[in-house]
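Take a look at the structure set out below.
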Number of protein chains: 2
Amino acid sequence: MNHEDGLSKRQQKALQTRLNLLNAGKVIFLKEGFQKATMTEINKRANTGYGTAYVYFKNKDELFAELMENIVEKMYDVASMPFEPTTVEEAYSQIKAQVRLFIQAALDEQETMKVIKEAIGISEMVERKWSQIRARFIAEITKDITFVQTAGMANKDIEASLIARGWYYMNEQLMWDIVLGEVVEDLTIVAENLALLYTRGLYKVR
Amino acid sequence: MNHEDGLSKRQQKALQTRLNLLNAGKVIFLKEGFQKATMTEINKRANTGYGTAYVYFKNKDELFAELMENIVEKMYDVASMPFEPTTVEEAYSQIKAQVRLFIQAALDEQETMKVIKEAIGISEMVERKWSQIRARFIAEITKDITFVQTAGMANKDIEASLIARGWYYMNEQLMWDIVLGEVVEDLTIVAENLALLYTRGLYKVR
DNA sequence: TTATATCATTGACATAATATCAATTAAATA
DNA sequence: TATTTAATTGATATTATGTCAATGATATAA
């Protein structure tokens with residue numbers, strides 16, 4: 001029989017079971033990391049039989065990938081921020097702000113990000129998901145570079161897509177270092193330094 | 001009884017067994033990748049009983065780590081190349097050459113590098129080994145930056161260690177992309193673009 | 001209301017890999 | 001030749017995964 005929300009009692013229960021598994025997954029992944037977390041433990045915590053998790057998720061990877069969705073969305077938001085500066089100074093300050101935002105977004109979910117970092121190395125599926133984020137950022141940055149080149153603000157003897165890639169990697173890796181606590185510098189300092197190198201280069205003369 | 005080379009027949013045989021295992025490992029790792037390669041298969045190829053590999057190597061990671069040694073050495077060589085330019089132009093061309101060399105070193109062992117990339121994500125031990133290479137590069141680059149800053153060639157408002165890190169990551173990730181065939185641009189073009197951004201920055205004005 | 005069909009859940013099972021270790025085999029020494 | 005020492009082995013315990021036939025619970029039809 002159908003209820004107000006269009007879901008039968010059976011469907012509601014199933015949905016709840018799925019949710020329980022996701023919640024349990026979150027706890028277990030955060031506690032154990034991706035590798036050490038087992039389906040047995042997740043099912044135990046969700047009060048479901050061993051086989052149940054496999055009804056809702058093809059495997060551990062898929063369960064985890066679903067838990068990543070929130071963060072993936074946030075990253076896409078950051079990637080698609082507008083960038084149309086009219087002066088070099090404006091470009092610099094916008095870039096600095098975006099670097100900060102990118103790293104801050106990761107820090108907002110620091111513990112989950114640590115597990116994601118681990119999972120990228122282990123799970124094909126997670127790796128693919130992260131690659132998509134990466135590709136999106138690189139595409140956006142390429143667009144931004146082409147824009148400032150067309151506007152005459154930037155050097156045209158540079159291959160936009162290549163530099164976009166390099167610049168993104170610089171940001172991503174620094175982000176991981178900060179998330180993992182391997183770089184302790186203040187976020188503002190990091191953003192400033194990266195933005196400076198990017199807009200102006202390391203050397204003095206042209 | 002001891003022989004001319006100071007090794008008993010027994011020791012020689014043991015050494016040969018070890019070598020057989022390493023050779024078999026190389027073949028199997030290249031064929032299967034790190035994850036899919038099994039100790040069973042490696043022992044089979046080496047014509048040794050299953051337990052034998054564990055006599056010589058604590059586990060799969062350690063066997064692989066030993067196979068990495070060659071490449072690790074080569075990378076250290078690249079990392080410790082001298083850098084003492086006297087002009088900005090000289091700095092640029094030296095940097096460009098070093099980027100090229102770094103990526104070329106990886107391409108010289110492309111297939112092994114692919115497996116290493118995979119193994120970094122999976123094995124703690126391999127990850128640690130690669131981190132050491134990374135740390136070494138970053139330390140060297142930091143030194144180089146400090147040198148050109150002291151020599152008055154480079155801007156002093158930049159934190160050497162931070163920029164060294166960012167610059168290294170840009171190089172490393174591009175290297176992986178090229179090794180994995182995800183970036184197909186000519187090596188010379190890549191080196192030029194990276195070196196240009198690094199020495200001069202993306203934007204025109206100061 | 002009862003019978004039947006459908007869907008959710010279960011846990012035992014097959015599979016596949018790891019690392020260990022007591023037993024075996026081969027070499028060195030007495 | 002006998003004894004000790006070292007190298008090798010493969011059966012075994014362990015630990016995870018993913019599957020599936022059986023069971024239990026809910027929905028639908030008679």
Side-chain angles (χ1 to χ4, degrees), chain A residues 1-25 28-29 31-66 118-119 122-126, chain B residues 1-25 28-29 31-66 118-119 122-126:
Chain A
M1 182 192 283
N2 284 350
H3 290 171
E4 325 73 53
D5 53 356
L7 291 179
S8 68
K9 195 175 169 187
R10 202 184 250 178
Q11 288 173 309
Q12 285 184 318
K13 255 191 101 176
L15 219 66
Q16 187 58 51
T17 302
R18 193 168 190 285
L19 219 62
N20 291 343
L21 282 163
L22 283 170
N23 286 142
I28 302 298
F29 280 124
K31 201 176 68 183
E32 306 287 354
F34 184 79
Q35 177 96 285
K36 275 198 70 194
T38 68
M39 290 303 239
T40 305
E41 214 180 347
I42 292 173
N43 277 298
K44 213 168 268 172
R45 188 174 179 97
N47 284 312
T48 48
Y50 180 75
T52 310
Y54 287 98
V55 174
Y56 294 97
F57 308 95
K58 201 166 151 273
N59 48 37
K60 203 168 82 170
D61 303 39
E62 212 185 66
L63 204 170
F64 186 77
E66 184 133 348
E118 186 204 352
I122 296 167
S123 155
E124 280 277 316
M125 173 173 261
V126 175
Chain B
M1 184 192 280
N2 283 349
H3 291 171
E4 326 73 56
D5 53 356
L7 290 179
S8 68
K9 194 176 170 187
R10 202 184 248 175
Q11 288 172 310
Q12 282 183 321
K13 255 190 100 176
L15 219 66
Q16 188 57 51
T17 302
R18 194 169 190 284
L19 219 62
N20 291 342
L21 282 164
L22 283 169
N23 288 141
I28 302 297
F29 279 124
K31 200 176 70 184
E32 306 287 354
F34 184 79
Q35 177 97 283
K36 276 198 70 197
T38 67
M39 290 302 241
T40 305
E41 214 180 347
I42 292 173
N43 277 299
K44 213 169 272 172
R45 187 173 181 96
N47 284 311
T48 47
Y50 179 76
T52 310
Y54 287 98
V55 173
Y56 294 97
F57 308 96
K58 202 166 152 272
N59 49 36
K60 202 167 84 168
D61 303 39
E62 211 185 67
L63 204 171
F64 186 77
E66 183 132 349
E118 186 205 353
I122 295 167
S123 154
E124 281 275 319
M125 172 173 260
V126 175

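Computation of the quantities below employed the complete heavy-atom set of this structure, encompassing side-chain atoms and omitting hydrogens, waters and symmetry-equivalent molecules. In this text the structure is predicted, and so the values were computed from the model without any measurement. Chain letters run A, B, ... following the sequence lines, proteins first and then strands; every chain starts at 1.
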Can you give the donor-acceptor pairs under 3.5 Å from side chains of residues 47-54 of chain B to other protein atoms, not counting sequence neighbours?
from: B/Thr48; atom 1: OG1; to: B/Asn43; atom 2: O; distance (Å): 3.3
from: B/Thr48; atom 1: OG1; to: B/Asn43; atom 2: OD1; distance (Å): 2.9
from: B/Tyr50; atom 1: OH; to: B/Tyr54; atom 2: OH; distance (Å): 3.4
from: B/Thr52; atom 1: OG1; to: B/Gly49; atom 2: N; distance (Å): 3.4
from: B/Thr52; atom 1: OG1; to: B/Gly49; atom 2: O; distance (Å): 3.1

Give the minimum heavy-atom separation between B/Gly25 and B/Leu63, together with the two atoms involved. CA-CD2, 4.4 Å
Identify, with sequence neighbours excluded, every residue that meets salt bridge (Lys or Arg N to Asp or Glu O under 4.0 Å) alongside B/Lys13. none
Interatomic distance where CG belongs to B/Asn43 and C1' belongs to C/dT20 [whole Å]: 14 Å
Specify the closest pair of heavy atoms between B/Glu41 and B/Lys31, including all atoms of both residues, with the distance to one decimal. OE2-NZ, 3.8 Å
For nucleotides 3-10 of chain D, give me every protein contact, N/O to N/O, under 3.5 Å, one pair per line with atom names.
from: D/dT5; atom 1: O2; to: B/Arg10; atom 2: NH1; distance (Å): 3.3
from: D/dT5; atom 1: O2; to: B/Arg10; atom 2: NH2; distance (Å): 2.6
from: D/dA6; atom 1: O4'; to: B/Arg10; atom 2: NH1; distance (Å): 2.6
from: D/dT8; atom 1: OP1; to: B/Thr17; atom 2: OG1; distance (Å): 2.6
from: D/dT8; atom 1: OP2; to: B/Tyr56; atom 2: OH; distance (Å): 2.2
from: D/dT9; atom 1: OP2; to: B/Gly49; atom 2: N; distance (Å): 2.6
from: D/dT9; atom 1: OP2; to: B/Thr52; atom 2: OG1; distance (Å): 2.5
from: D/dT9; atom 1: O5'; to: B/Gly49; atom 2: N; distance (Å): 3.4
from: D/dG10; atom 1: N7; to: B/Gly51; atom 2: N; distance (Å): 3.1

For the pair made of CD in B/Gln16 and C1' in C/dA26, what is the distance, rounded to whole Å? 17 Å
Could you list the residues that satisfy salt bridge (Lys or Arg N to Asp or Glu O under 4.0 Å) with B/Lys58, not counting sequence neighbours? none
Does any residue of residues 59-66 of chain B have a heavy atom under 4.0 Å from DNA chain C, and if so, which ones, in number order? B/Asn59, B/Lys60
Whole angstroms only, please: what is the NZ-P distance between A/Lys44 and C/dT10? 14 Å
For atom CZ of B/Phe57 and atom P of C/dT20, their distance in whole Å: 15 Å
Does A/Ile122 have any side-chain contact (heavy atoms from CB on, under 4.5 Å) partners at least two apart in sequence or in another chain, and if so, which? A/Phe34, A/Gln35, A/Glu118
Without decimals, in angstroms, what is the distance between A/Met125 CE and D/dG18 P? 11 Å
For A/Lys44, what residues pass the salt bridge (Lys or Arg N to Asp or Glu O under 4.0 Å) criterion, not counting sequence neighbours? none
Who passes salt bridge (Lys or Arg N to Asp or Glu O under 4.0 Å) against A/Arg45, sequence neighbours left out? none
With sequence neighbours excluded, tell me which residues meet side-chain contact (heavy atoms from CB on, under 4.5 Å) with B/Leu19. B/Gln16, B/Asn23
Nearest-angstrom distance from the residue atom OH of B/Tyr54 to C1' of D/dT12: 14 Å
Whole-Å distance, A/Lys9 NZ to D/dG24 P, equals 18 Å
Quick one: B/Ile28 CD1 to C/dA17 P, roughly how many Å, whole number? 13 Å
